[in-house]
2 protein chains.
Amino acid sequence: MKQKITLKEISRRFNVSISTVSKALKDSPEISEKTKEIIQAFAKEHNYKPNNIALSLKNQKTKNIGIILPEIVHYFFSSVITGVERLATEKGYNVIVCISNESFDKEVINMQMLANGSIDGFIMSLSKDTEKKQDFHHINEVINQGMPVVMIDRVTDKVNCDKVIIDDFHGAYSAVSYLVESGRKNIALITMPDYMSVGKLRTEGYKKALIDAGIQVDEDLIVKVEDFYSGFEPVEELLKNHNVDAVFGVTEFFAVSAMKIAQKMGKTAPKDISFVGFTDGIISISSSPSLTTVSQHGEEIGEKAADLLIKRLEEEDFELRPYETEIIKSSLVKRESTQ
Amino acid sequence: MKQKITLKEISRRFNVSISTVSKALKDSPEISEKTKEIIQAFAKEHNYKPNNIALSLKNQKTKNIGIILPEIVHYFFSSVITGVERLATEKGYNVIVCISNESFDKEVINMQMLANGSIDGFIMSLSKDTEKKQDFHHINEVINQGMPVVMIDRVTDKVNCDKVIIDDFHGAYSAVSYLVESGRKNIALITMPDYMSVGKLRTEGYKKALIDAGIQVDEDLIVKVEDFYSGFEPVEELLKNHNVDAVFGVTEFFAVSAMKIAQKMGKTAPKDISFVGFTDGIISISSSPSLTTVSQHGEEIGEKAADLLIKRLEEEDFELRPYETEIIKSSLVKRESTQ
DNA sequence: CTGAAAGCGCTTACAG
DNA sequence: CTGAAAGCGCTTACAG
């Protein structure tokens with residue numbers, strides 16, 4: 001069984017037309033039973049499968065969906081892909097993954113590449129760069145060309161499209177409220193710069209929870225860290241100079257890193273300091289003590305995004321429906337780092 | 001700027017033929033400067049980009065590469081994807097990601113879907129199921145059809161193709177030797193069932209290191225764990241009933257989980273027990289104490305695999321070259337869990 | 001019941 | 001310098 005076989009080759013083999021072969025293989029009633037039988041048998045034997053590219057060109061749809069993510073080596077984003085992939089495969093779609101690497105330029109290039117016919121629609125989360133720049137022309141362009149886009153997690157209201165997000169504000173609110181209820185008073189926050197939409201919302205949730213509990217927000221207890229790779233000295237300073245009894249980190253990595261620093265300073269979690277993170281990944285499970293976190297349900301976000309996208313692609317009436325913003329509920333997973 | 005514009009539409013706009021437009025946009029010397037100018041200007045204004053699907057059909061190549069992985073929410077595999085994606089994008093290829101979810105059936109279905117024209121070649125790592133079944137017909141079929149395949153990490157010698165692996169044996173060997181050198185005598189192993197190629201090789205490296213150091217292999221110190229989600233009771237038993245002073249885990253998760261169990265039993269790492277893992281991921285960095293690991297260099301593996309694949313796709317002579325097995329060197333990253 | 005034709009969007013050897 | 005034709009692999013309305 002060498003090389004893929006085509007309709008043309010089958011048609012030559014039996015001295016019939018390509019149309020006849022095509023119809024025979026689709027078991028069309030137009031074709032005689034006898035012809036269908038021999039053609040189908042031959043096709044099966046030679047493992048004939050229609051060429052996807054030809055079908056795409058003919059049908060004007062590729063059955064591919066593109067997903068553009070800031071990075072992938074990260075529990076949240078890889079679980080989003082897992083969710084997208086599952087739903088997509090179930091519906092007969094392939095998933096093309098591009099990584100913007102937090103760069104605006106790469107995000108634009110990736111979108112343009114895929115938009116030239118390779119896919120039917122996009123799922124994407126903004127790069128940091130893009131959030132900083134606030135330039136979304138590439139996304140709006142694609143949408144104007146009639147290609148549906150679903151934004152997830154890091155979204156913007158400058159683009160009108162379907163969105164799937166979690167309730168960052170409430171997730172943070174409930175995490176901090178939980179700390180307050182367990183008797184903590186000096187709750188520090190380790191967050192991201194404000195241009196990151198999710199960092200901002202989680203910070204607001206933190207503040208609101210304190211205010212509602214009658215605790216004054218102390219800006220000295222708030223540290224902003226750029227990303228995973230920048231240093232954590234400010235956190236060290238914070239723990240050294242302030243009498244902190246709880247830390248809320250807006251990522252699990254932030255929380256665990258803070259916990260490690262505290263442990264090195266001789267503090268015990270949760271006895272001396274409680275810790276809560278965001279994103280319920282493998283870090284939270286394997287840290288010691290294991291970390292209480294706000295679970296983002298990445299797979300669910302991915303599935304929901306794929307579902308919205310495919311509906312818009314396939315359901316006649318859906319295409320014209322107003323855009324939705326689906327909010328996936330986060331949940332607090334309590335572990336050993338709090339009491 | 002609505003909808004994507006085609007050559008046909010441009011040709012109608014200026015009352016010329018499609019061929020002329022096509023050539024003009026390629027800046028062909030066949031076409032007059034004036035014609036080229038106006039056509040190019042118009043195309044630019046309307047953001048014309050050739051349709052990838054049409055190009056694929058014409059050129060008989062898609063510029064897509066397919067990658068099939070057992071899972072993705074896992075540091076090693078997601079870093080492989082990152083490496084593949086980087087090299088692929090650089091060379092003008094897109095990456096289609098499929099997840100077999102450790103299932104043989106899904107692996108087969110994914111391969112067949114993609115093999116029908118969607119991609120030019122495969123990069124893949126075997127699912128557990130496939131390793132257990134030892135059924136590789138789907139891979140050989142694809143190769144027989146002339147589609148190149150590069151296997152990574154979880155490979156088999158039953159398939160003749162390019163491979164990129166790490167030196168699992170030596171990685172384990174050096175990790176265990178390091179433990180021996182630091183004075184440890186009762187070194188436990190937490191590994192996977194033998195049908196997993198990588199688990200087997202790492203186990204062999206562990207044994208050889210002990211033997212070479214004149215330490216007898218004690219099968220009672222070897223625990224086999226199915227996967228992340230199965231329980232770790234056997235590990236608990238091991239640590240309770242044997243006087244273990246070091247643990248080598250064939251994944252970082254195994255090692256960190258064992259460390260947590262030991263800590264709960266009141267042991268301190270590395271004072272009482274040293275721990276070494278495999279896969280240098282984020283778990284190792286964020287555990288407390290941080291974990292000494294054998295780094296697998298996932299991105300490098302991904303890049304190398306993509307490089308081999310694209311070479312076979314593009315370089316005339318390369319296509320006929322004998323298959324290579326590239327071995328990426330692992331390296332021991334020393335952290336706090338050993339001394 | 002079978003086949004020729006047109007078309008999806010593009011490229012390119014060939015003719016004029 | 002421009003265009004008609006053939007072709008990549010397939011589908012389908014239409015003719016016979």
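Labels below follow one simple rule: chain letters A, B, ... track the order of the sequence lines, proteins then strands, and each chain is numbered from 1.
For the side-chain hydrogen bond (donor to acceptor under 3.5 Å, both in side chains) test, no residue two or more places apart in sequence or in another chain qualifies with Glu37(A). Glu102(B) is linked by a side-chain hydrogen bond (donor to acceptor under 3.5 Å, both in side chains) to Arg154(B), counting only residues two or more places apart in sequence or in another chain.
A 4.0 Å heavy-atom criterion places the boundary nucleotides of DNA chain D facing chain A at dC8(D) to dC14(D), written 5' to 3'.
Atom NZ of Lys106(B) has more than 12 heavy atoms from other residues, nucleotides or ligands within 6.0 Å. The number of heavy atoms from other shown groups lying within 6.0 Å of NZ (Lys311(A)) is above 12.
Between the side chain of Glu85(B) and the backbone N or O of Ile99(A), at least one donor-acceptor pair lies under 3.5 Å. With hydrogens and angles disregarded, no donor-acceptor distance shorter than 3.5 Å links the side chain of Asp162(A) to the backbone of Val150(A). Side-chain N or O atoms of Lys163(B) include one that pairs as donor or acceptor with a backbone N or O of Thr156(B) at under 3.5 Å.
Near DNA chain C, defined here as any heavy-atom distance below 4.0 Å, the residues from residues 16-30 of chain B are Ile18(B), Ser19(B), Ser22(B), Lys23(B), Lys26(B), Glu30(B), listed numerically. Near-neighbour residues of DNA chain C inside residues 53-62 of chain B, defined by a heavy atom below 4.0 Å, number-ordered: Ala54(B), Leu55(B), Lys58(B).
Between the side chains of Ser79(B) and Thr82(B), no donor N or O sits under 3.5 Å from an acceptor N or O.
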Strand DNA chain D as a dot-bracket string - pairs counted if Watson-Crick or G-U with both distances under 3.5 Å, | where the partner lies in another strand: |||.||||||||.|||

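No engagement by Phe14(A) is indicated, since no non-hydrogen atom pair under 4.0 Å with the nucleic acid exists.
Each of Ile31(B) and Asn51(A) lies near DNA chain D, and the nucleotide nearest Ile31(B) is the one positioned closer to the 5' end.
In this structure, Leu309(A) and Tyr93(A) have side chains that are not in contact, with every pair of non-hydrogen atoms separated by 4.5 Å or more.
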